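Read the structure below first, then the notes.
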Amino acid sequence: MIVVHHLENSRSQRVLWLLEELGLAYEVRRYARDPKTLRAPKALQAVHPLGKAPVIADDGAVVAETGAIVEHLTTRAGGALVPAAGTLERSRYTHWLHHAEGSAMPPLVLKLVFSRLAPGSPWPLRPLVAGIARTVQDRFVDPELTRNAAYWEAELAARPWFCGADFTAADVMMSFPVEAFAARGTGAGPRLRDWLARIHARPGYGRALARGGPYAYA
Ligand SMILES: N[C@@H](CCC(=O)N[C@@H](CS)C(=O)NCC(=O)O)C(=O)O
């Protein structure tokens with residue numbers, strides 16, 4: 001049995017959704033975030049040294065990193081939701097699988113960190129920290145976010161799903177950055193909003209939400 005170590009309001013929701021889409025049986029072990037720091041509980045470090053979610057255990061293998069988990073699960077499902085090797089769709093698939101965590105998530109994480117920097121600092125330093133945080137966001141983070149989102153919008157104008165005519169596991173992988181970006185309420189274009197509406201309407205997405213519990217992306 002596949003066991004998913006699932007942290008509330010986190011990337012591991014994607015793994016539950018993928019399992020539903022693949023029709024694989026699984027068990028969910030839920031973890032709550034620390035209400036103050038929002039960090040994962042120490043218990044996750046007993047599962048994997050980095051103590052982050054998602055992690056899955058499957059027949060003796062412990063797999064961390066969402067992209068690696070997606071590869072593990074799609075292989076286990078006989079290559080379902082992966083375009084055929086040697087096709088243009090497969091080449092796009094490899095790109096999006098890596099883009100999601102390699103390029104899309106870093107500016108979103110930076111945004112989160114820098115927007116929380118001033119409120120968490122000692123009050124005499126707060127105006128200075130707020131100024132530095134604002135400058136980093138204005139000069140680096142926000143332009144990166146805007147450029148990424150414009151790229152996603154253009155790609156979805158060219159084809160209905162990230163790889164082509166068919167829904168693939170790369171759409172599952174891209175769901176977290178697109179949801180996190182759209183949740184900020186600024187700048188998600190019509191193609192991104194339409195893609196979000198289509199993924200949210202998938203029965204597997206709804207079943208995964210029911211299994212996973214609270215899920216807020218921002
Ligand atoms: N690139 C990793 C990122 C893992 C990660 O940062 N997970 C977050 C959840 S969204 C986490 O566990 N955060 C809690 C913490 O760092 O304490 C992946 O895709 O699996």
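Start at 1 and go down the list; that is how both ligands and their atoms are numbered. Everything numeric here is computed off the predicted structure, so don't read it as measured data. Heads up: numbering here begins at 1 and tracks the sequence.
Open room surrounds CZ on F140; 12 or fewer heavy atoms of other groups in view lie less than 6.0 Å from it.
Checking each of H99, E155, E179 against M174 for a side-chain contact (heavy atoms from CB on, under 4.5 Å) leaves exactly one that passes, namely H99.
Listed for the R92 side chain is a donor-acceptor partner under 3.5 Å among the backbone atoms of C163.
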* Any chance you could lay out the ring-ring contact (aromatic ring centres under 6.0 Å, His included) test for W17 and F167, step after step, and finish with the verdict? => CA-CA 13 Å; W17 177 29; F167 173 82; 5.7 Å; yes
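Taking a cutoff of 4.0 Å between a charged side-chain nitrogen and a carboxylate oxygen, R14 and E101 qualify as a salt bridge.
Contact residues of ligand 1 (protein heavy atom closer than 4.0 angstrom to a ligand atom; sorted by chain and number): L7, S10, R11, R14, R33, R39, A40, K52, A53, P54, E65, T66, E101.
Two residues are said to be in side-chain contact when any heavy atoms from C-beta on lie closer than 4.5 Å; R202 and R207 fail this criterion.
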